[in-house]
Colleague: 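Before I ask anything, let me first share the structure, which is written out below as structure tokens.
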Amino acid sequence: MRTAYTSDQIRSAELALMARLPEGTLMDRAATGLAGVCAHLLAGSRGRVYGSRVALLIGSGDNGGDALYAGARLARRGARVEAVLAGSRTHEGGLAALRKAGGRAHPYDAARARELLADADLVMDGLVGIGGSGPLREPYGTLAELTAEAGGLVVAVDVPSGVDASSGRVEGPAVRAHLTVTFGAYKAGLLVDPGATHAGAVELVDIGLGPFLPDPEVAALTADDVADLLPRPGEESDKYRRGVVGIAAGSDRYTGAAVLSVGGAVRAGAGMVRFASSAEPVRLVRARWPEAITTVLDPSLVLKSSLDEVGRVQAWVLGPGLGTGPEAHAVARAVLSTGVPVLVDADGLTLVAKDRTLLRRAAPTVLTPHAGELSRLLGVPREHIEAGRLDHVRRAAAELGATVLLKGSTTLVAEEHRPVRVNTTGTPWLATGGTGDVLSGIAGALLAAGLTGYDAASCAAYVHGLAARTAAGGGAAGRGQAPIAALDVAQALPEALRTL
């Protein structure tokens with residue numbers, strides 16, 4: 001599992017480690033690792049380090065010192081290294097090392113900086129480290145914008161300048177790096193958008209912080225973690241032991257959501273799917289997924305909060321395409337009155353936002369909003385949710401008493417008193433209608449199989465993203481991929497699961 005930490009946690013660990021080491025050891029370790037990564041990048045892009053052009057953007061803090069010492073190492077290998085000194089002061093030891101190695105340093109000048117960045121094979125962003133918060137002051141803001149014009153690769157030192165290392169917030173101009181070389185441990189803001197988008201790929205340099213780190217604030221499951229958590233049928237398994245999931249979804253207007261959520265559950269390995277809805281969604285689900293046991297809901301029974309006609313289930317999925325009228329509200333109340341785990345998605349979230357009493361239940365509840373839906377649940381503007389996803393998903397889990405999966409470019413899973421889990425799979429092609437319905441079916445199947453809400457939501461997000469990549473036919477970066485539809489994701493689930 002990949003764990004990540006706040007700036008305060010990292011600084012405390014650094015202080016504890018520095019107290020046990022000779023002065024300068026930590027910076028030397030960081031600079032050595034940084035230089036090694038940059039040399040590897042230059043060798044890959046140009047075939048060699050010798051003769052390459054490297055531009056350093058240097059701020060006032062230790063982050064600038066790391067970049068200067070790394071630049072000195074590259075200069076000793078024959079790179080032409082030039083530094084832009086943008087801070088009110090400069091790390092003296094690092095500057096002396098750079099000059100001794102043959103590198104050059106220039107006071108900040110916007111025109112000169114633009115030329116250096118345009119000509120550089122590699123730009124090293126050493127303006128602001130993990131202590132930075134809020135908008136960049138000048139001239140850092142201008143330099144961050146100029147990195148977009150860089151001719152070569154942009155490497156951020158520890159964290160891209162302008163990104164809050166603890167939260168991923170970006171409140172103005174910020175460096176967009178191809179690669180971020182981070183020291184000691186992952187920072188939470190490198191894994192959560194919008195910070196994650198600015199960080200690019202992230203490479204960790206071990207400087208010895210491990211024994212001094214506290215419990216993490218953020219974690220990301222790996223493929224091995226997900227493989228260990230996923231339920232596997234044994235020789236004595238039957239469809240009931242594997243999990244029976246009930247799905248209350250779809251309406252005469254929104255029939256596709258029903259087909260997609262059932263498909264997600266079927267393809268994710270549910271032992272049995274019991275689907276309940278009005279006549280038209282039931283007809284279409286029967287035609288597309290004959291494995292599902294279907295029930296046309298009797299409105300008179302639903303209004304009495306009775307779902308006995310559906311049969312026994314071990315978890316429910318509530319909401320995709322359900323509608324938000326009185327009958328849908330009655331279905332929601334009936335489902336949420338049961339004593340089994342319930343995943344609430346889409347129209348179910350709208351119903352819950354209107355009537356929070358629906359969440360007064362003892363059994364586990366998983367909510368799967370996107371930013372707009374979470375905005376309605378919390379009464380917070382959508383743009384605030386998107387700017388501070390980590391803070392708001394934590395708040396939602398605490399206020400709503402539920403596991404919350406916040407969908408988006410970075411999918412987050414929060415549960416009170418647990419690290420927020422960041423999903424690392426997926427593709428931009430997932431941004432198409434109906435994929436969230438498939439996700440709800442996957443998570444519902446895992447809930448019915450006995451996973452906790454926290455694990456079911458985390459594993460479902462991972463597998464969903466993996467299936468999307470499989471369907472699109474390429475890697476995480478989108479290269480070689482093609483557009484996909486939601487049903488493609490459901491169909492790709494078995495192949496994706498075989499890789500775990």
Colleague: Heavy atoms only: give me the nearest Ala70-Ala35 pair and the separation to one decimal.
Modeller: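 Between these two residues, the closest heavy atoms are O-CB, 3.8 Å.
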Colleague: Counting N and O atoms only, with roles assigned by atom type, does the side chain of Asp488 sit under 3.5 Å from a partner on the main chain of Ala485, one being a donor and the other an acceptor?
Modeller: yes
Colleague: Would you mind reporting whether Val344 and Val366 have side-chain heavy atoms less than 4.5 Å apart?
Modeller: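 Not in contact.
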Colleague: Report the C-alpha separation of Thr470 and Glu495 in whole Å, then their side-chain angles, then the decisive distance to 0.1 Å, and conclude whether the side chain to side chain donor-acceptor pair (under 3.5 Å) test is met.
Modeller: CA-CA 8 Å; Thr470 301; Glu495 185 177 348; 5.4 Å; no
Colleague: Apply the test side-chain contact (heavy atoms from CB on, under 4.5 Å) to residues Val192 and Ser167: give CA-CA distance (whole Å), side-chain angles for both, the deciding distance (0.1 Å), then the verdict.
Modeller: CA-CA 7 Å; Val192 179; Ser167 67; over 6 Å; no
Colleague: Are Thr142 and Tyr140 close enough that a side-chain donor and a side-chain acceptor fall under 3.5 Å?
Modeller: no
Colleague: Any chance you could lay out the side-chain contact (heavy atoms from CB on, under 4.5 Å) test for Tyr69 and Asp28, step after step, and finish with the verdict?
Modeller: CA-CA 8 Å; Tyr69 278 119; Asp28 181 68; over 6 Å; no
Colleague: Side chains of Thr222 and Asp225: is there a donor and an acceptor less than 3.5 Å apart?
Modeller: yes
Colleague: Is Tyr186 reaching over with its side chain to a backbone N or O of Leu191, donor-acceptor style, under 3.5 angstrom?
Modeller: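 Not at all, since once roles are kept as given, no pair shorter than 3.5 Å links the two residues.
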Colleague: Would you mind reporting whether Val463 and Val226 have side-chain heavy atoms less than 4.5 Å apart?
Modeller: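 Val226 reaches Val463 side chain to side chain.
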Colleague: I'd like to know if the side chain of Arg376 reaches the main chain of Ala353, judged simply by a donor and an acceptor atom lying under 3.5 Å from each other, with no hydrogens or angles considered.
Modeller: no
Colleague: Tell me, do Asp164 and Ser133 make a side-chain contact under 4.5 Å, heavy atoms counted?
Modeller: yes
Colleague: Roughly how far, to the nearest 0.5 Å, is OG1 of Thr452 from CG of Asp455?
Modeller: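 Rounded to the nearest 0.5 Å, the CG-OG1 separation comes out at 3.5 Å.
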Colleague: May I ask you to decide if Thr435's main-chain N or O and His464's side chain share a donor-acceptor pair within less than 3.5 Å?
Modeller: yes
Colleague: For Leu439 versus Leu405, what's the shortest heavy-atom pair and its separation?
Modeller: CD2-CD2, 4.0 Å
Colleague: Using only heavy-atom distances, determine whether the side chains of Thr350 and Glu373 contain a donor-acceptor pair under 3.5 Å.
Modeller: no
Colleague: Out of curiosity, Leu153 CG to Asp121 CG, how far, rounded to the nearest 0.5 Å?
Modeller: 8.5 Å
Colleague: Could you check if a side-chain atom of Tyr462 sits within less than 4.5 angstrom of a side-chain atom of Leu500, using non-hydrogen atoms only?
Modeller: yes
Colleague: Can any side-chain N or O of Thr180 pair as donor or acceptor with the backbone N or O of Thr182 at less than 3.5 Å?
Modeller: no
Colleague: Mind running side-chain contact (heavy atoms from CB on, under 4.5 Å) on Val181 and Val205 for me, showing each step along the way?
Modeller: CA-CA 7 Å; Val181 180; Val205 171; 3.5 Å; yes
Colleague: Taking all non-hydrogen atoms of both residues into account, name the closest pair between Gln314 and Pro341 and its distance.
Modeller: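 Where Gln314 meets Pro341 most closely, the heavy atoms are O-CD, 3.4 Å.
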Colleague: Which pair of heavy atoms, one from Arg29 and one from Gly208, lies closest together, and at what distance?
Modeller: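 Scanning both residues, the minimum pair turns out to be NH1-CA, 4.2 Å.
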Colleague: Less than 3.5 Å apart, any donor N or O on the side chain of Glu217 or Thr6 sitting next to an acceptor on the other?
Modeller: no
Colleague: Is the closest side-chain heavy-atom distance between Arg267 and Leu497 below 4.5 Å?
Modeller: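 With C-beta onward as the side chain, the pair stays apart.
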Colleague: Is the backbone of Gly388 close enough, under 3.5 Å, to the side chain of His392 for a donor and an acceptor to pair up by distance?
Modeller: yes
Colleague: Supply the atom-to-atom distance Arg11 CZ to Leu209 CG, rounded to the nearest 0.5 angstrom.
Modeller: 13.0 Å
Colleague: Which atom names give the shortest non-hydrogen contact between Ala199 and Pro160, and what distance separates them?
Modeller: CA-CG, 3.7 Å
Colleague: Please check: side-chain N/O of Asp125 versus main-chain N/O of Ala156, any donor-acceptor pairing under 3.5 Å?
Modeller: no
Colleague: Would you tell me whether Ser166 and Ser7 have side-chain atoms, one donor and one acceptor, within less than 3.5 Å of each other?
Modeller: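 A pair is found: one side chain offers a donor N or O, the other an acceptor, under 3.5 Å apart.
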Colleague: With side chains defined as the heavy atoms from C-beta onward, is the minimum distance between Leu447 and Leu343 less than 4.5 Å?
Modeller: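 A side-chain contact under 4.5 Å exists here.
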Colleague: Hey, are Thr365 and Arg361 close enough side-chain-wise for a donor-acceptor pair under 3.5 Å?
Modeller: yes
Colleague: Minimum heavy-atom separation for Leu378 and Ala396, please, with both atom names.
Modeller: CD2-CA, 3.9 Å
Colleague: Do the side-chain N and O atoms of Ser458 and Arg421 include a donor-acceptor pair separated by under 3.5 angstrom?
Modeller: yes
Colleague: Hey, could you give me the OG1/CD1 distance between Thr32 and Ile207, rounded to the nearest 0.5 Å?
Modeller: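 Spacing of OG1 (Thr32) from CD1 (Ile207) equals 11.0 Å.
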Colleague: Hey, is CD on Glu383 packed in by over 12 heavy atoms from elsewhere, all under 6.0 Å?
Modeller: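 Yes, the 6.0 Å shell around CD holds more than 12 heavy atoms from other groups.
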Colleague: Just by distance, no angles: are the side chains of Arg469 and Thr425 close enough, under 3.5 Å, to form a donor-acceptor pair?
Modeller: no
Colleague: Any donor and acceptor pair, going by atom type alone, linking the side chain of His370 with main-chain N or O of Lys407 inside 3.5 Å?
Modeller: no
Colleague: Is it the case that the side chains of Asp193 and Thr410 hold a donor-acceptor pair, with the cut-off being a distance below 3.5 Å and no angle test?
Modeller: yes
Colleague: Is any side-chain heavy atom of Leu221 less than 4.5 Å from a side-chain heavy atom of Met1?
Modeller: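 Yes - at least one pair of side-chain heavy atoms lies under 4.5 Å apart.
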Colleague: How about Arg232: does its CZ atom have over 12 heavy atoms from other parts shown lying under 6.0 Å from it?
Modeller: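 Yes, because the 6.0 Å sphere around CZ of Arg232 holds more than 12 heavy atoms from other groups.
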Colleague: Looking at side-chain heavy atoms only, is the closest gap between Leu446 and Pro231 below 4.5 Å?
Modeller: yes
Colleague: Looking at CG of Leu466 and CZ of Arg498, how far apart are the two atoms once the value is rounded to the nearest 0.5 Å?
Modeller: 12.0 Å
Colleague: Give a yes or no answer on whether the side chain of Ser375 reaches the backbone of Ala371 with a donor-acceptor pair at less than 3.5 Å.
Modeller: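 Absent.
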Colleague: Using modelled atom types and a 3.5 Å cut-off, is there a donor and acceptor pairing between side-chain atoms of Asp158 and backbone atoms of Phe183?
Modeller: yes
Colleague: For the atom pair SG (Cys38) and CD (Glu203), what is the distance rounded to the nearest 0.5 Å?
Modeller: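 Nearest 0.5 Å value for the SG-CD distance: 9.5 Å.
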Colleague: With a sphere of 6.0 Å drawn around CD of Glu149, does it hold more than 12 non-hydrogen atoms of other residues, nucleotides or ligands?
Modeller: yes
Colleague: Say whether Thr357 and Asp355, considering side chains only, have a donor N or O and an acceptor N or O under 3.5 Å apart.
Modeller: yes
Colleague: In terms of heavy-atom contacts, does CG of Asp62 have more than 12 from other residues, nucleotides or ligands at under 6.0 Å?
Modeller: no
Colleague: Take Leu68 and Leu56, measure what side-chain contact (heavy atoms from CB on, under 4.5 Å) needs, and give me the verdict at the end.
Modeller: CA-CA 7 Å; Leu68 287 166; Leu56 312 179; 4.3 Å; yes
